[in-house]
Amino acid sequence: MNDKATRLAQTLKRRHAAERRFQWYGRLSVAFGVACVLFLFTDIISKGYGAFTQTYIDIEVTFDYETLGLTPDSTETDVKAASFNSLFRNTVRAQYPEVTDRRKQRTLYGLYTTDAPIMLRDMVLRDPSVLGTTQQLTIVADDDIDTYYKHSFGQDLGEGGVIGRVNPQQIALVQQLHDQGRIHKKFNTILFTNGDSRDPELAGIKGAIIGSLLTLLVTLMLSFPIAVATAIYLEEFAPKNRLTEFIEVNINNLAAVPSVIFGLLGLAIFINFFGLPRSVPLVGGLVLTLMTLPTIIISSRASIKAVPPSIREAALGMGASKVQMVMHHVLPLAMPGMLTGTIIGMAQALGETAPLLMIGMVAFIVETPAAITDAATVLPVQIYLWADSPERAFVEKTSAAIMILLAFLIFMNSTAVWLRKRLERRW
Amino acid sequence: MAENSKQTMNDTYETTGIPLLKDSKLSVRNVDVFYGDKQAIFDVNLDIGKNQVISMIGPSGCGKSTFLRCLNRMNDTIDICNVTGEIKLEDQNIYDRSIDVVELRARVGMVFQKPNPFPKSIYENVAYGARIHGLTDNKLELDELVESSLKRCGLWKEVKERLLEPATGLSGGQQQRLCIARAIAVNPEVILMDEPCSALDPIATATVEELIHELSQNFTICIVTHSMQQAARVSQRTAYFHLGKLIEVNDTSVVFTNPKHQLTEEYITGRIG
């Protein structure tokens with residue numbers, strides 16, 4: 001008896017130690033995961049927060065008929081051909097009469113975005129009545145000036161007197177503008193209202209967001225009905241035989257196929273065989289449909305399986321046909337799980353890059369797509385493109401785009417959780 | 001005991017007692033049931049009288065539930081299950097090709113072992129059968145049907161204030177009575193009950209038994225039960241199954257007081273099962 005007690009005490013000690021050890025493994029894993037996520041988020045946010053503000057410079061522009069070579073009777077065509085370049089340069093030069101050196105004058109123009117003359121022209125095209133008047137304008141600063149003003153302005157210059165790509169003359173000019181109160185930071189609306197651009201200060205992700213939404217729309221419209229129908233048929237109607245087993249194995253295999261292969265498949269089938277245009281959300285959506293189908297089918301089947309058989313028996317026992325049983329009882333109970341699977345599949349599709357590169361959605365596209373057959377790019381591809389660009393200002397743009405993509409993903413995942421909580425009425 | 005059963009369990013056997021009736025609602029002839037290669041029911045012949053309660057008793061795995069599920073073709077849902085023989089519901093073979101199971105199940109309702117109300121409101125549960133079979137013309141008729149069905153099950157007073165609340169919020173006994181109300185709302189001719197009280201406490205059981213007794217005025221009821229007391233209380237006839245064979249059928253009083261077959265006697269005296 002005593003022997004038993006001591007033996008028991010020994011094993012108990014060992015068992016407790018094992019339990020404690022195991023719990024610590026778990027805690028360490030969780031801590032590691034949390035640390036990784038925190039590191040990722042702090043890194044991205046610290047790099048990218050700057051992109052949400054933009055430096056602007058105030059300037060007074062007189063839309064002088066003479067400089068533009070226009071008259072009050074000029075037509076739109078005349079306005080389009082007018083020399084807004086000279087107007088802009090003259091205006092800028094006039095502010096610094098002391099600068100006569102041509103190269104230094106070029107530096108002056110370079111404070112502003114290269115698109116400044118085009119902006120002036122567009123202004124006149126929108127509202128011809130500004131011609132002949134003097135307007136107080138706010139123009140986006142050049143990306144180098146922007147980066148300097150946001151991150152390094154006011155810092156002690158080192159020995160070389162150069163910070164980043166900004167030279168001492170520019171620094172002095174910025175200081176002067178700052179003292180005049182003409183240079184200031186504002187929330188960066190351009191990021192959300194513009195398409196892509198070679199100039200970082202003018203580059204926005206609107207095109208990519210719309211492209212992503214259109215692509216996801218196509219994906220959702222195709223994959224959800226197809227996947228749900230497949231899942232219901234395989235679970236409730238299909239006989240269990242070799243063929244359905246074969247199909248089942250293949251669906252599971254499909255889920256494990258690398259996404260880039262779906263891109264090649266899409267290129268071969270949709271573009272080369274069916275002749276659909278390249279770079280369009282329609283093809284992107286078709287490819288992502290192929291990719292997300294297995295995910296949604298598998299989760300839908302799991303949630304159909306989870307519906308208690310007693311409910312099916314109750315319905316059949318009442319004389320419901322099989323379709324009625326599925327539509328009235330199985331589907332409503334399985335729907336939360338199906339929707340969760342769908343949203344997770346969609347989130348996966350939203351973050352997918354490789355297959356879209358294969359079908360040409362990696363093109364440089366400035367216009368915002370208006371239809372699923374317009375050339376477009378998507379958020380992750382936009383991130384890829386910006387990360388690849390040499391301009392320094394694109395670094396923070398890249399991080400900002402990642403933040404926006406992550407925001408979309410978090411939004412979608414929390415919608416999935418909310419939907420599940422909302423619909424999952426276990427009563 | 002094993003030797004005893006060997007002596008009486010030949011491949012051809014005859015059911016003791018009175019399996020056949022003159023005037024029957026359901027007549028079962030030469031029914032065999034197979035699950036794949038395994039035979040679960042052996043050559044059962046049985047008549048079930050109109051507006052009678054017949055109870056089926058027997059040890060676990062004797063095939064009584066399987067047999068019950070043949071009567072409204074619930075076995076169709078099991079792929080490997082195969083039924084041969086003939087089951088006639090008023091001169092119509094229910095396994096005939098021309099018979100639609102939907103129609104059959106509207107005529108032969110079923111109540112299951114575990115209360116299985118739909119995860120919908122009490123009202124929707126009772127109204128469901130009428131809705132899918134299109135039995136009522138308008139909302140008013142449907143309301144009346146729901147009310148009368150619940151009243152017949154003695155549930156009306158308990159739930160009339162909460163018809164739109166979830167049915168799963170009811171107690172086990174109430175849920176089972178709701179399932180019975182749901183079954184009788186489509187006005188079936190036969191009601192099959194598969195151990196309807198096995199998940200209920202004694203008080204709820206008594207209520208359901210009383211209900212079965214009342215329903216037998218209008219419906220033919222087949223009940224599978226593990227409780228011999230219950231069989232004795234609710235049924236007019238009792239059928240004893242053993243290893244897939246129908247051993248003895250007779251008036252309930254005869255089966256319990258004076259069983260003719262040795263296996264029946266052993267079972268009701270507690271030596272088998």
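Per chain, numbering begins at 1; letters A, B, ... match sequence-line order.
With sequence neighbours left out, the ring pair (Phe, Tyr, Trp, His ring centres under 6.0 Å) criterion links A/F262 to no other residue.
Here the side chain of B/E189 pairs no donor or acceptor atom with the backbone of B/K25 at under 3.5 angstrom.
Heavy atoms only, all atoms of each residue included: B/R182 and A/A314 are closest at NH2-CB, 3.5 Å.
B/V102 touches chain A through backbone and side chain together, each having a heavy atom under 4.5 Å away.
Looking at heavy atoms from C-beta onward, B/V190 lies out of side-chain contact with B/L71 at the 4.5 angstrom threshold.
Against chain B, no residue from residues 339-346 of chain A qualifies, as none has a non-hydrogen atom under 4.5 angstrom away.
Ring-plane geometry between B/F67 and B/F241 is classed as tilted, the angle between the planes lying from 30 to 60 degrees on a 0 to 90 degree scale.
Between B/Y128 and A/H328, the distance separating the two ring centers is shorter than 6.0 angstrom.
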